[in-house]
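The model shown is predicted, which means the values in this text are computed figures rather than measured ones.
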Amino acid sequence: MLFIKGRTNIFEKIQTSLDSKKKYIWFHFASLGEFEQGRPVLEKIKQQYPTKSIVITFFSPSGYEVRKNYPLADAVFYLPLDTAKNAKKLISAINPELVIFTKYEFWYHYFKRLNSLEIPLFIISAIFRRDQVFFKWYGGLHRTILSFVDFFFVQNEESKNLLSSLGLQNASVSGDTRFDRVAENALAPNKIDLIEKFCKSSPVMIAGSTWMEDEQLLKHLILPNPGWKFIIAPHEIDDKHIAEVQQMIPLATKYSTLGNQDQNSQVLIIDNIGLLSSIYQYGSIAYIGGGFGAGIHNTLEAAAFGLPVIFGPRYDKFQEAKDLIDLRAAISIKDQHELMEAFHRFSKDQTVGIISKDYVSAKKGSTDQIVQYLSRYL
């Protein structure tokens, strides 16, 4: 299991990766999604302060395994588990001049140790909701964790007001750095020749980060729409799940085996990591997975390319999804019938994609606000 294997002899790896005479800027991300969210801040800092050294830690394999060789970082490794002993050893090894965590990550021992050493700690793109443990009568320990943070850059006024209700005034509404990231990606996406040849001139539906519940609905769109091509990028790409998708959609071709003889296939399954954010450039409509599980995945990557988006019913924790629905550039569906209706509506209306793209563009600018504030520490 990568979660355990990646942390085996972790401090030996850390000590051999870092220069004990240097100070580092430490970025921590839970997973790949949070990395992409915080990436604009990291890259802006490196651009403005090229001599600064950067360390990245990840909690989950989904971030570390994809970005372990990220070129702007001096070192990338797993975050050791949150204990007082580990916090002391890790912070001593990194010797950070400042620390930046993204969105949701709150670790008691790490935060307490940083606070006791007076090392500035910032949370970027943070978002808070009233139902979180911080705001419950029994959330005292979690409120203590928040007290260790020097400054919160939050996504919305609600988050700022919730922090204020706890007596925490050290916050500003800077928005969500994901908008900067997806807008930048849409300006200069990586071209993928095989995908381009597969799509040809057909309209294409891109289904991103799908789960089985999503895929079972999507299969019903394929045969009734022979003029369309479909690209499905499952969230889980292990051999077992890819085989299940292929069994469900027998005529589908895998990206890893895509050749000239497969260019006339109607369905392509993406069975590797890292392509999805660029694949959206070839789409006409996007379906975003996860809405029948814990919650939808990233809608903004698709919206940045001017795609209307469709997703399942569990989107209440995602402000951008609510915004896109209000703008009529997104539709939430709960069954096969509603998916068919949403698909046909978006396939006939070419204007909604422009609304999606304009929405993303209007929300840019969070990164500049954050880096301007952090510059006083650099």
For this session: Would you please indicate yes or no on a ring centroid separation below 6.0 angstrom for W107 and F59?
Result: yes

Exercise. Taking the six-membered ring where the residue is Trp, are the ring centres of F111 and F148 under 6.0 Å apart?
Worked result: no

Roughly how far, to the nearest 0.5 Å, is the [atom2] atom of [Y] from the [atom1] atom of [X]?
X	Y	atom1	atom2	answer
L300	K363	CG	NZ	10.0 Å
I100	L121	CD1	CG	9.5 Å
Q281	L307	CD	CG	10.5 Å
R130	S159	CZ	OG	11.0 Å

For this session: Would you please name every residue forming a side-chain contact (heavy atoms from CB on, under 4.5 Å) with I242, sequence neighbours left out?
Result: P234, I237, Q246, K254, I269, D271

Problem set entry | Residues which pass side-chain contact (heavy atoms from CB on, under 4.5 Å) with S147, listed by chain and number, not counting sequence neighbours | T144

Looking at every heavy atom in both [X] and [Y], which two are closest together, and how far apart are they?
X	Y	answer
V309	A302	CG1-CB, 3.9 Å
Y282	I192	OH-N, 3.0 Å
Y287	T210	CD2-CG2, 4.3 Å
A87	H109	CB-O, 3.6 Å
S332	E338	O-OE1, 4.0 Å
A304	A183	CB-N, 4.3 Å

Exercise. Quick one: salt bridge (Lys or Arg N to Asp or Glu O under 4.0 Å) partners of E301, sequence neighbours excluded?
Worked result: none

Problem set entry | Geometric class of the F106/F134 ring pair [parallel <30°, tilted 30-60°, perpendicular >60°] | perpendicular

For this session: If you link ILVMFWY side chains whenever their heavy atoms are less than 4.5 Å apart, which other residues fall into the same cluster as L251? By chain and number, please.
Result: none

For this session: Any pair with a residue in residues 154-193 that passes ring pair (Phe, Tyr, Trp, His ring centres under 6.0 Å), sequence neighbours left out, goes on the list, sorted by first then second residue, please.
Result: F179-Y359

Can you hop from [X] to [Y] via hydrophobic side chains spaced under 4.5 Å?
X	Y	answer
I333	I232	yes
W137	L141	no
W228	I195	no

Please check this pair: side chain of [X] against backbone of [Y], looking for a donor-acceptor N/O pair closer than 3.5 Å.
X	Y	answer
Q336	L217	no
S60	A30	yes
D82	Y108	yes
D335	H337	yes
S366	S174	yes

Kindly state each residue pair satisfying salt bridge (charged side-chain N to carboxylate O under 4.0 Å, His left out) with at least one member in [range], sequence neighbours excluded.
range	result
residues 366-378	K44-D368
residues 339-350	none
residues 140-161	none
residues 94-104	K52-E97

Below 4.0 angstrom, N of the basic side chain to O of the carboxylate: do [X] and [Y] qualify?
X	Y	result
K240	D238	no
K21	D19	no
R39	E34	no

For this session: May I ask you to check whether N156 and Q319 show a side-chain donor-acceptor distance below 3.5 Å?
Result: no

Problem set entry | Distance-only polar pair, side chains of Q169 and S164, donor-acceptor under 3.5 Å | yes

For this session: Could you pull out all residues at least two apart from Y70 that satisfy side chain to side chain donor-acceptor pair (under 3.5 Å)?
Result: E43

For this session: Using the ring-ring contact (aromatic ring centres under 6.0 Å, His included) rule, pick out the option among Y377, Y373, F122, F101 that qualifies with F151.
Result: Y373

For this session: Mark yes or no: K357 above the aromatic ring of F305, with NZ or CZ under 6.0 Å from the six-membered ring centre and no more than 45 degrees from the axis.
Result: no

Problem set entry | F11: ring pair (Phe, Tyr, Trp, His ring centres under 6.0 Å) partners, not counting sequence neighbours | none

Problem set entry | Qualifying residues under ring pair (Phe, Tyr, Trp, His ring centres under 6.0 Å), relative to F311, sequence neighbours excluded | Y315

For this session: Count the heavy atoms belonging to other residues, nucleotides or ligands that lie under 6.0 Å from NZ of K112, then report whether that count exceeds 12.
Result: no

Exercise. So with a 6.0 Å cut-off around NZ of K13, is the heavy-atom count from everything else above 12?
Worked result: yes

